[in-house]
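Quick notes on the structure that follows.
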Amino acid sequence: MRLALLGYEQTASMDRADLIIINTCSVRAKAEQKAFSLLGRLARMKRNKRGLIIGVGGCVAQQEGEKILGRMPSVDLVFGTQAIDRLPRLIQQIETRRCRLVDVEMDEIAGIPEFLNGRRTESQVSKFVTVMRGCDNYCAYCVVPFVRGRETSREPESIIREIRVLVENGVKEVTLLGQNVNSYGKKQGLCSFPELLARIDEIEGLLRIRFTTSHPKDLSPGLITAFGDLEKLCPHIHLPVQSGSNRILKRMNRKYTIEQYLDKVAKLRDTCSNIAITSDMIVGFPGETEADFEKTLELIKTVEYDGLFAFQYSDRPSAPSVKLPHKISEPIKRERLQTLLALQEKFTKSKNKALVGSTQWVLTDGLSKKQASGQADAANPALQWTGRTPSNKIVNFYLDGHPDAKHSLTGQIIGVRIDKAFSHSLFGKAIGAELPAGGLKGVENYAA
Ligand code: SAM
Ligand code: SF4
């Protein structure tokens, strides 16, 4: 991080910090409330530590700007979503002039700084790579186009350069990020998203590619075909539908119907029979009736999602839906959310259960949480590891009496026999992997 040039280094505990930066999200009201309550706690901390500099970045900073300085006297810096590049200069100004600053300038054609990414997870094996930012879709409930600006794609060469550097440093899997990867490159006349995927697929040493998010209206035949053609593209798609009712989808400005959505789901499954499909749902959008909600439940039963992220609708500043009539009460939203989650839980569990007895190819991320925190099963002395299947399911596993049991499995793809299924993870045992005839291209197998 370039703040190191100013002499800053990471501390393990917040109490020891001289500079604290809060990165905020304003997509849902809850995330914003959490950011302000953390700032409240930091204000109390600052009373005992005068020199402490507190900065607020991200979408809430972009949305609220100067208002944050008024509401939070302990905050020294508010910087918007496109000011990250300017952060070292802003901090330097605060250090020398002891002033309070706001920088929420947005540039319609701002590029995406190279090597900004890839450090967002703890994992050294799997990294996120931003391929585009902003959004031009204006879904009625969403604040993203207002706080992240217009959609801009990053040059393919810059993306490929970044991934090559990550791979040289031991990364095996990348997740390409964008609000709607399907429109990647269109505006600037760059290559298409499937073409970008094909180029990334060729990077030697990279084992897996994932991406998120894909807007159903733009899910192209080319991207569906990529799931059949590209060796490293994992069989998982996150395809947010938001509602099962055409009436609500129209009010949401989503620009597709449930029939069109289901047609794309069928084509994905025709191309890649084992593809895992996950989605986002909003309950209690203004005007959502019981009948609309029932249609959402019906859709969940029809698609049988592998997993769902479901949210209660909340009004967001600038989002057009703020002005819509017939707001749904909090208790009804809560009840609908619980009903929906209970239904989905059955499908998630049964999908996981169906994998018991199968062998899954797990890209090992490191020791399991239990092992790392010293809480592993004392009756089983073997080390416990964790990783994900190609379909993105978490697997905790152990390696029983293997001669190399003490060697690190981190970053390796291991064949694991699944013995148990839970709601959000699987458990199994590493097997002396026998690769399918001819092997799995691109698979670096531990026991092979
Ligand atoms: N670009 C992605 C897409 O089109 O699906 C999603 C981006 S948004 C950051 C992530 C999710 O937050 C959305 O899919 C939606 O389900 C949820 N969300 C966005 N605005 C919301 C709101 N006002 N209230 C509740 N949930 C919201
Ligand atoms: Fe928000 Fe819609 Fe853009 Fe997704 S596609 S970021 S939901 S406006």
Side-chain angles (χ1 to χ4, degrees), residues 23-35 58-60 62-63 81 120 128 130-153 175-184 186-187 193 210-219 223 236-245 248-256 260-261 264-265 277-288 293 296 299-300 303 305 307-324 327-330 332-334 336-337 340-341 344:
N23 192 15
T24 59
C25 167
S26 68
V27 166
R28 290 172 292 279
K30 223 177 188 176
E32 187 175 326
Q33 285 151 12
K34 274 191 191 163
C59 295
V60 177
Q62 188 67 50
Q63 177 187 291
T81 50
R120 250 168 285 186
F128 293 115
T130 301
V131 298
M132 58 201 297
R133 76 169 168 202
C135 184
D136 290 349
N137 281 309
Y138 293 97
C139 300
Y141 49 80
C142 187
V143 78
V144 169
F146 305 96
V147 290
R148 289 285 167 132
R150 299 286 59 75
E151 183 186 290
T152 318
S153 299
T175 303
L176 310 179
L177 290 181
Q179 293 298 346
N180 178 17
V181 292
N182 282 303
S183 55
Y184 170 84
K186 279 188 192 157
K187 229 161 94 174
F193 188 61
R210 302 182 186 280
F211 62 82
T212 194
T213 300
S214 198
H215 193 306
K217 82 174 158 65
D218 297 317
L219 174 57
L223 187 54
H236 168 224
I237 187 163
H238 186 63
L239 199 59
V241 65
Q242 314 297 358
S243 167
S245 156
I248 295 298
L249 288 177
K250 199 154 185 216
R251 279 167 77 84
M252 286 177 164
N253 193 29
R254 287 291 285 181
K255 301 195 178 95
Y256 53 83
Q260 289 163 338
Y261 181 87
K264 290 187 180 183
V265 166
I277 302 181
T278 54
S279 193
D280 290 350
M281 292 283 191
I282 296 177
V283 296
F285 186 77
E288 183 189 69
F293 179 61
T296 296
L299 179 72
I300 294 172
V303 177
Y305 290 105
L308 270 185
F309 297 97
F311 313 103
Q312 288 177 213
Y313 168 82
S314 54
D315 269 345
R316 306 308 299 131
S318 340
S321 58
V322 170
K323 298 198 186 88
L324 286 178
K327 292 276 158 60
I328 309 299
S329 72
E330 290 301 316
I332 291 181
K333 283 195 275 188
R334 226 176 0 253
R336 286 183 186 169
L337 183 65
L340 186 154
L341 291 175
Q344 177 55 37

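In listed order, ligands and their atoms are each counted from 1.
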Next on the checklist: Closer than 3.5 angstrom, by distance alone: can the side chain of N253 be matched with the main-chain N or O of Y138 as a donor-acceptor pair?
Outcome noted: yes
Checklist entry - Any side-chain heavy atom of F285 within less than 4.5 Å of one from R251? => result yes
Checklist entry - Do the non-hydrogen side-chain atoms of L176 and F193 ever get within less than 4.5 Å of each other? => result yes
Checklist entry - Atoms of ligand 2 less than 4.0 Å from Q179 heavy atoms? => result 6 (S)
Checklist entry - Taking heavy atoms and a distance under 4.0 Å, where does Q312 meet ligand 1: side chain, backbone, both or neither? => result backbone
Next on the checklist: Below 4.0 Å, non-hydrogen atoms only: which portion of E151 touches ligand 2? Side chain, backbone, both or neither.
Outcome noted: neither
Checklist outcome for this item: When distances are taken from atom 7 (S) of ligand 2, the protein heavy atom at minimum range is Y141 OH, 3.4 Å
Item to check | For Y313, atoms of ligand 1 separated by under 4.0 Å from a heavy atom | outcome: 24 (N), 25 (C)
Checklist entry - Is R133 salt-bridged to E151, cutoff N-O under 4.0 Å? => result no
Next on the checklist: In the structure I gave you, are the side-chain heavy atoms of F309 and S279 within less than 4.5 Å of one another anywhere?
Outcome noted: no
Checklist entry - Do R150 and K187 come within less than 4.5 Å of each other through their side chains, counting heavy atoms only? => result yes
Next on the checklist: Measuring from atom 10 (C) of ligand 1, which candidate in D280, T212, I282 has the nearest non-hydrogen atom?
Outcome noted: D280
Item to check | Residue, atom name and distance, where the atom is the protein heavy atom closest to atom 1 (Fe) of ligand 2 | outcome: C142 SG, 2.3 Å
Item to check | Which of the ligand 2 atoms, numbered from 1, are nearer than 4.0 Å to a heavy atom of C135 | outcome: 3 (Fe), 5 (S), 6 (S), 8 (S)
Next on the checklist: How far is atom 6 (C) of ligand 1 from the closest protein heavy atom, and which atom is that?
Outcome noted: Q179 OE1, 4.0 Å
Item to check | Proximal atoms of ligand 2 relative to H215 (non-hydrogen, under 4.0 Å) | outcome: 5 (S)
Item to check | Nearest neighbour of atom 3 (C) of ligand 1 from the list M281, R254, H215, on a heavy-atom basis | outcome: R254
Item to check | Nearest non-hydrogen protein atom, atom 20 (N) of ligand 1 | outcome: Y141 CD1, 3.2 Å
Next on the checklist: Taking 4.0 angstrom as the limit and counting only heavy atoms of V144, give me the atoms of ligand 2 inside it, by number and element.
Outcome noted: 6 (S)
Checklist entry - Looking just at side-chain N and O atoms, do S26 and Q63 make a donor-acceptor pair shorter than 3.5 Å? => result yes
Checklist entry - What atoms of ligand 2 come closer than 4.0 angstrom to any heavy atom of R254? => result 2 (Fe), 7 (S)
Checklist entry - Any ion pair linking D218 and K255 (charged N to carboxylate O, less than 4.0 Å)? => result no
Next on the checklist: Counting non-hydrogen protein atoms only, what is the nearest one to atom 19 (C) of ligand 1? Give residue, atom name and distance.
Outcome noted: V27 CG1, 3.4 Å
Next on the checklist: Does any part of the side chain of S245, heavy atoms only, come nearer than 4.5 Å to the side chain of M252, both counted from C-beta?
Outcome noted: no
Checklist entry - At what distance, to the nearest 0.5 angstrom, does NZ of K217 lie from CG of L249? => result 13.0 Å
Next on the checklist: Residue-level breakdown please: for C139 versus ligand 2, do any non-hydrogen atoms fall below 4.0 Å on the side chain, on the backbone, on both, or on neither?
Outcome noted: both
Next on the checklist: If you count heavy atoms of other groups shown closer than 6.0 angstrom to NZ of K186, is the number above 12?
Outcome noted: yes
Next on the checklist: Could you tell me, atom by atom, which parts of ligand 2 come under 4.0 Å of a heavy atom of Y138?
Outcome noted: 8 (S)
Next on the checklist: Testing Y141, Y261, Y256 one by one against Q242 for a side chain to side chain donor-acceptor pair (under 3.5 Å), which residue passes?
Outcome noted: Y141
Checklist entry - What's the shortest distance from atom 16 (O) of ligand 1 to any protein heavy atom, and which residue and atom give it? => result Q242 OE1, 2.7 Å
Next on the checklist: I need the contact type for R28 against ligand 1. Using non-hydrogen atoms and a strict under-4.0 Å cut-off, is it side chain, backbone, both or neither?
Outcome noted: side chain
Next on the checklist: Taking a cutoff of less than 4.0 Å between a non-hydrogen atom of the residue and any ligand atom, is S314 in contact with ligand 1?
Outcome noted: yes
Next on the checklist: Is the contact between F311 and ligand 1 made by the side chain, the backbone, both, or neither, using heavy atoms and a 4.0 Å cut-off?
Outcome noted: side chain
Next on the checklist: Closer than 4.0 Å to some heavy atom of P240 - which atoms of ligand 1 meet that?
Outcome noted: 5 (O)
Item to check | Test applied, side chain to side chain donor-acceptor pair (under 3.5 Å); reference residue, H238; option that passes from T212, D280, T213 | outcome: D280
